[in-house]
Amino acid sequence: MTQKTFWNHIKSKIKSFSSNQYLEIISELYKLNKENKNFLESRYLYENTNRIKPYKEIIEESLFPDVMRGHNISLKTGKKAISDYKKATKDEFGTIELMLFYVECGHKFTSEYGDMYESFYNSLISVFDNIIELLKKHPEHKNAFYDRIQKIANESRDFGWGYDEMHDLFTEADL
């Protein structure tokens, strides 16, 4: 069975549920894991300024972990936080903020601890490039992010592994 088939079966079963039954399911999903909790809180509870906070915490733990306690970098977890936020809120400005925060945390890590590996830099460059593309589509957000993007672009010139590509992306983007 495909995912769509499963969903159709589930949907047919829950169509007749009462409001209380729906609330019970949502309550159980909320309690099930942190991702569901963040999703529901971000979508229905927090004001714009607060709903981004749990996702920033995940990104910081993932891209600037406490190495003294043996925590490791997780690019995948950081990117998932961005994706989860976007799905929960459909907030382009907040998504750009998280993407830039992702790059800033990775940049801070490599600045503090030294050279990293190629896929680490490739991830930061890819997210940086996506930020620039989103700002081209949403020029109304440019001023809010420009200085931070420029700072990273300028500082990236001093690193290896092609990380200086961020400076080229920024310069060529003509934001």
Side-chain angles (χ1 to χ4, degrees), residues 1-109 112 116 119-120 122-145 148-149 152:
M1 288 184 129
T2 67
Q3 186 176 6
K4 185 177 180 179
T5 306
F6 280 122
W7 173 241
N8 286 335
H9 286 307
I10 292 168
K11 193 166 61 170
S12 70
K13 292 198 181 266
I14 64 175
K15 271 186 175 180
S16 63
F17 282 11
S18 69
S19 295
N20 285 339
Q21 287 172 308
Y22 279 121
L23 287 175
E24 183 61 33
I25 289 171
I26 293 169
S27 172
E28 289 173 15
L29 289 170
Y30 179 83
K31 294 173 189 172
L32 183 64
N33 62 45
K34 188 175 181 177
E35 288 84 8
N36 291 348
K37 182 179 182 286
N38 287 344
F39 176 91
L40 291 167
E41 288 177 359
S42 294
R43 170 124 350 144
Y44 300 110
L45 183 62
Y46 295 139
E47 295 296 320
N48 286 347
T49 56
N50 292 331
R51 67 183 180 184
I52 204 167
K53 185 179 177 190
Y55 298 93
K56 277 191 163 186
E57 289 171 358
I58 293 167
I59 291 169
E60 188 166 33
E61 290 170 7
S62 301
L63 269 82
F64 195 77
D66 186 346
V67 294
M68 301 308 267
R69 292 191 174 167
H71 299 170
N72 295 317
I73 288 174
S74 177
L75 301 170
K76 181 179 177 182
T77 302
K79 283 186 173 179
K80 184 177 183 313
I82 296 166
S83 175
D84 289 350
Y85 176 84
K86 185 176 182 177
K87 289 176 189 173
T89 66
K90 306 198 183 351
D91 171 25
E92 287 294 332
F93 184 88
T95 300
I96 295 169
E97 170 63 33
L98 287 178
M99 293 168 74
L100 184 53
F101 188 69
Y102 175 97
V103 174
E104 288 171 332
C105 287
H107 182 76
K108 181 179 171 185
F109 190 89
E112 194 162 314
M116 295 298 292
S119 61
F120 175 85
N122 287 342
S123 180
L124 297 182
I125 292 166
S126 173
V127 173
F128 188 84
D129 188 35
N130 290 336
I131 293 166
I132 289 173
E133 293 305 313
L134 281 171
L135 289 177
K136 287 179 182 177
K137 290 179 187 173
H138 301 280
E140 69 275 14
H141 299 320
K142 179 184 119 179
N143 290 338
F145 300 107
R148 292 165 58 199
I149 292 169
I152 289 175

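The shown structure was predicted, so the numbers you read here are calculated from the model rather than taken from an experiment. Residue numbers count from 1 along this sequence.
Inter-residue side-chain proximity for Leu100 and Ile152 is flagged as met; some heavy-atom pair is nearer than 4.5 Å. In this structure, the side chains of Phe145 and Ile131 stay at 4.5 Å or more apart for every pair of heavy atoms. Looking at Asp129 and Glu133, their side chains come closer than 4.5 Å, going by heavy atoms from C-beta outward. When side chains are defined from C-beta on, Ile73 counts as touching Met116, because their heavy atoms get closer than 4.5 Å.
Taking CD of Glu57 as the reference point, atom CD of Glu61 lies at 7.0 Å (rounded to 0.5 Å). One distance of note links OG of Ser119 with CD1 of Ile125; it measures 11.0 Å at 0.5 Å rounding. A distance of 6.5 Å separates CD1 of Ile132 from CD1 of Ile149, quoted to the nearest 0.5 Å. Between the CG atom in Leu75 and the CD1 atom in Ile59 there is a gap of 11.5 Å [rounded to 0.5 Å]. Note that the CD atom of Glu60 and the CD atom of Glu104 stand 10.5 Å from one another [nearest 0.5 Å]. Distance check, rounded to the nearest 0.5 Å: CD of Glu92 to CG of Leu134 gives 5.5 Å.
Note: Tyr85 and Tyr55 have perpendicular aromatic rings, judged against thresholds of 30 and 60 degrees for the angle between ring planes. A perpendicular orientation is assigned to the rings of Phe93 and His141, their planes being inclined by more than 60° (bins at 30° and 60°).
Ring centroids of Phe101 and Phe64 are separated by 6.0 Å or more, keeping the two rings apart.
The shortest non-hydrogen separation linking Ile52 to Gly94 is CD1-O, 3.4 Å. Shown here for Leu98 and Lys56, the closest heavy-atom pair between the two residues is CD2-CG, 3.5 Å. Taking all atoms of both residues into account, the shortest heavy-atom contact from Asp91 to Thr95 is O-OG1, 2.7 Å. Considering every non-hydrogen atom in both Tyr102 and Leu124, the closest pair reads CE2-CD2, 3.8 Å. Scanning all heavy atoms of the two residues, the minimum distance from Ala81 to Ile58 falls at CB-CG2, 3.7 Å. Between Gln21 and Ser18, the shortest heavy-atom distance links the atoms OE1-N, 2.7 Å.
Here the side chain of Ser126 pairs no donor or acceptor atom with the backbone of Asn122 at under 3.5 angstrom.
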